[in-house]
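Read through the structure below, which is laid out as structure tokens, and then see the notes.
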Amino acid sequence: MKFSPKEIEEKWQKRWEEEKVFESKPDGRKKYYVLEMFPYPSGKIHMGHVRNYSIGDVIARFKRMAGYNVLHPMGWDAFGLPAENAAIKSGVHPREWTLSNIANMKEELKKLGFSYDWNREIATCQPDYYRWNQWIFLKMLEKGIAYRSKAPVNWCPSCQTVLANEQVDDEGRCWRCGTIVETREIDSWFLKITDYAEELLKDLELLKGHWPEPVITMQKNWIGKSVGAEVEFEVPEKGEKIRVFTTRPDTLFGVTYVVLAPEHPLTLKLAEGTPQEEEVKAFVEKMRRTEKRKRSTGELPKEGVFTGVYAVHPLTGERIPVYTANFVLMDYGTGAVMSVPAHDQRDFEFAKKYGLPVKEVITPEGEELKAEEMEEAYTQPGVLVNSGKFTGLKSEKAKEEITKELERLGKGRKSVQYRLRDWNISRQRYWGTPIPVIHCPKCGIVPVPEEELPVKLPENAPLTGEGRSPLARVPEFVNVKCPKCGGEAERDTDTMDTFFDSSWYFLRYCSPKEESLPFKPEEASYYMVVDQYIGGIEHAVLHLLYSRFFTKVLRDLGLFKEPEDGHQREFFKRGEPFQNLLTQGMVNKRWISVKNLLKALGLTEESTVGELIKALTGKEVKEEETIGSLMRKHHITVGDNAILLISTEEVRKFIEGAPEEVLKPYEEKFGEVSKMSKSKLNIVNPSEMVEKYGADATRLYVLFAAPPEAEFEWKTEGIEGAYRFLRRVFQFATENLESLKGEHSGELSKEGKELRRKTHQTLKKVGEELSERFKFNTAIAAIMELFNQITSFKPKTEGDRGALKEAVEKLIVMLYPFAPHTAEELWELTGHGELLTKTPWPEVDEEALKKEEVEIPVQVNGKVRAVISVPAGATEEDVREIALREPKVQKAVEGKEIVKFIYRPGRIVNLVVR
RNA sequence: GCCCGGGUGGCGGAAUUGGCAGACGCACGGGACUUAAAAUCCCGGGGCCGCAAGGCCGUGCGGGUUCGAUUCCCGCCCCGGGCACCA
């Protein structure tokens, strides 16, 4: 029988849909919620998606067989800039663009045969989804979690929009378009995530062992908690106080100057009327023009000016100069620092540059430190010196004591700072959730009444990519009556950051059609917490932190009904949405740039096309055009994939075979491996793979190539291997249908027993991998091993035929989570009436695992010299005797004294000889 | 600079508690089938020496603990990622 994946796949996808086997409703069974990060509908499924969803599908299908009520939903993160950019470029409405992309991608997902409950599909751009964004926002507004503030924000001049700090990369570029970000002051809506900083940090403890360690660390760093003290420095001649934050109150006596951020409100105020006023003004102005990124990365040399005034040290009463400098940032701590040059490297460098005093107040235990001899700051803890009554204390103790003293004097207090900033959710864009508030000249900010939700996006906003929000240019949207006073008022014309949409979508899946609340408390109580979440590491902070924040907020709003029992109760109580997280690695592909190809061939852009052809094929042709000129003609740059160059008509006509094949040897040797991306043209289109090899082979390969969390390099040969394996299994089963369908009983031969043992060993191994370790690559390897044993097995007895039948049957079942279509087909062909999808995962027969004889390696001085076979119940004495009888062992110990005999039952023998 | 993760054949990777290093697959070599090729099937393989039996070496490098180390400890090198004038 011929193996035709296409037919098989269509057949079973249809059957599964007809029998509604992937639909889930709350029932008496234990639930299992497996979730993959929903995709942005960019147009096509890419390999990263395939990998993500294949991992999820293996888990979902296995858990279903293991008896769980599995919730496995899919939806679309459908708001966002690309749709709007497409509209600007080609005039197509963002809704149309998005919905047609969704339709296309859904088709692709269906062809891959993922076991989703499509009844629960959601798209965040639909009013019945985003109305709940608005509802949640209003609840947050009520609770004071959402607030309005004028704040310096990151403005991307290209996207014409405000970006969150998280959306600006470390080079100060927009995360989407790469344009350098500017700073602007804008009225915006913020969410007070900082109120939850402590809880978000503390609950990371609960996630340990369930989430990958790097993700936990990244979140921890992102929240960035520092414990220290706030200290006040008075400036008597101006009647002002400078508040600073420090993590080292123990170094307070070493303060020799104070520094304000240039943007600090006191900077200009203090300098007023001093001889330094003009200089300070010029400095502040200069800093305003300096890129924020450069300021905050430390790549600029330290620079500052004296403000002309002195502050008073809170404990010693000394007069110390006040400076303003570029290295102090307004948006961390209080925007001012106390400088302790002896014990802080930045302060040290600044002090040396401007000739400010260095005063040592901490020494390493048992050592002396001289300020004048220091070449860098001593930043470790130690023992206090020159610190009045605190001299002699250790740093830790001194921190406490000095803080207490400040509190007693009313000049300071204990303080905790976080790096985490509140989340700015306002976007001056069209394709997002309208913010449901009305600005009334009389009443101020008025929330849209709940019964008027959703505030729908108008269809006809002009999308030009310029100016502020497109919604501001739709009068019938903007102009409304104030719900409070009935007077003329205006709607807010901003839309929400799309991270808002994705911060709670996993809850909506629990009740996707609910009309009176974002989700039904009983349903969320049944399905939540997500048992297994799977997605890319790129969401380690943003999406995952926001989702944790939202879940905690929704819990505090009283939207959950706490479950009576269950292992996840603790996660539920703490508002943690995802119990286990798996971050899958990237799918990479080898490619070669024009630059590297030319280098490998020993050519330059000045070489002729003729020389290129000769180097590639050995053919002599007369083509005098230079490669550089050809590249300019086709807009190819040296960083582009060389495939572009080879595919130009001028080159293509001289080479035989596909351009990919011509380049392959050069890619192997001189190419590089990077993430599949459009710009590098190193993309493998999943749908083409499904077309050519089938969904099962594509999925099997992606899962077999590497463990899920590791990166892997896509190789065409690999998917061919997966295809061959499936075909061999299919062929073997269909060629042996008679014995696989029949009833067999009787005695087993030795080989028959071994086959049974292998079958149950594999079952045990695969079961463990699927439920605990998620190392799908080794699970598949084990299945392949079993298959290799099956094909070399020659049944001798009727009982043997039974063992063979059992082995193949179990193999089909084990194959199911990875290659479900092929497995279903074989299940049916081997005479099973019920869907394999509905078949329970088989039990391991512990009896079959037992061995009569065990193979034990025998080492002499740690080197393996022989392998002996001993009866399973052999005593240490028996084993010793068998080992010593072994000729190879005898040879190795000949003429030597056996000092020690080590036996680890069932594992190893080691003879120590001298 | 700080914090994670990693380094094993030609390649992807395996070794679950310190116990036979290299499972499984890919690529490769040899053979069978074929007029031939492809496909398929069988066999082979870490390196060095050897006709072979066998021996020696081998998990980034150097040391240590142990009967025994890819695994544990100390010191270093390299690669990938995150954070970073954060007070």
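A note on names: the letters A, B, ... follow the listed sequences, proteins ahead of strands, and every chain is numbered from 1.
Base orientation of G9(B): syn (glycosidic angle within 90° of 0).
In this structure, Phe730(A) places its CZ atom 16 Å from P of U40(B), rounding to the nearest Å. Computed from coordinates, the Lys302(A) NZ to A87(B) C1' distance equals 12 Å when rounded to whole Å.
The residue Asn788(A) sits close only to the backbone: its heavy atoms come under 4.0 Å of sugar-phosphate atoms, none of a base. Within the 4.0 angstrom heavy-atom criterion, only backbone atoms of the sugar-phosphate kind lie near Arg727(A); the bases stay farther away. Glu711(A) comes within 4.0 angstrom of the backbone, heavy atoms only, and of no base. The residue Lys764(A) sits apart from the nucleic acid: no heavy atom pair falls under 4.0 Å. Heavy atoms of Pro707(A) sit under 4.0 angstrom from primed sugar atoms or phosphate atoms, though from no base atom.
In summary, Arg346(A) and Glu349(A) do not engage in a salt bridge, as defined by a charged side-chain N under 4.0 Å from a carboxylate O.
Counting only heavy atoms from C-beta on, Gln859(A) has its side chain closest to C20(B) among U16(B), C20(B), C86(B). Checked against A87(B), U40(B), A84(B), the side chain of Thr246(A) finds its nearest nucleotide in A87(B). Of the candidate nucleotides C20(B), A14(B), C86(B), A14(B) has the atom lying nearest to any side-chain atom of Thr778(A). Nearest to the side-chain atoms of Arg419(A) among the listed nucleotides A87(B), G13(B), C83(B) stands C83(B). Of all nucleotides listed (G12(B), C67(B), G19(B)), G12(B) comes nearest to the side chain of Phe704(A). Of the candidate nucleotides G68(B), C56(B), C24(B), G68(B) has the atom lying nearest to any side-chain atom of Asn910(A). Nearest nucleotide to the Val867(A) side chain, out of C20(B), A87(B), U16(B): C20(B). For Pro214(A), whose side chain is taken as the heavy atoms from C-beta onward, the closest listed nucleotide among C83(B), C4(B), U16(B) is C4(B).
Between Thr791(A) and Ala705(A), the residue anchored closer to the 5' end of RNA chain B is Ala705(A), taking for each the nucleotide with the nearest heavy atom. Two residues, Phe245(A) and Leu911(A), neighbour RNA chain B, and the one matched to the more 5' nucleotide by heavy-atom proximity is Leu911(A).
Phe901(A) carries Arg880(A) over the face of its six-membered ring, with the cationic atom under 6.0 Å from the centre and within 45° of the normal.
Straight-line distance between the P atoms of G80(B) and U8(B): roughly 14 Å, to the nearest whole Å. Here, G60(B) and U71(B) have their P atoms 8 Å apart, quoted to the whole Å. Distance check on atom P: C76(B) versus G25(B) gives 42 Å, rounded to whole Å. Comparing the C1' positions of C48(B) and C67(B) gives a spacing of 28 Å, expressed to the nearest Å. The gap from the P atom of U40(B) to that of C26(B) amounts to 10 Å, rounded to the nearest Å. A gap of 11 Å separates the C1' atoms of A69(B) and G64(B), to the nearest Å. Taking the P atom of each, C56(B) and A21(B) are spaced 13 Å apart, rounded to whole Å. Between C11(B) and U16(B), the two C1' atoms lie 25 Å apart (nearest whole Å).
For Ser226(A) and A87(B), the shortest distance from a side-chain N or O to OP1 or OP2 is below 4.0 Å. Of the side-chain N and O atoms in Lys900(A), one or more sit less than 4.0 angstrom from OP1 or OP2 of C67(B).
Side-chain contact, Tyr693(A) with Glu720(A): a donor N or O sits under 3.5 Å from an acceptor N or O.
Looking only at distances, no side-chain donor or acceptor of Lys302(A) sits under 3.5 Å from a matching main-chain atom of Asn326(A).
A distance of 6.0 Å or more separates the ring centres of Tyr723(A) and Tyr701(A). Taking the ring centroids of Phe350(A) and Tyr323(A), they lie under the 6.0 Å cut-off.
In this model, no side-chain donor or acceptor of Glu213(A) finds a partner on the base of G5(B) within 3.5 Å.
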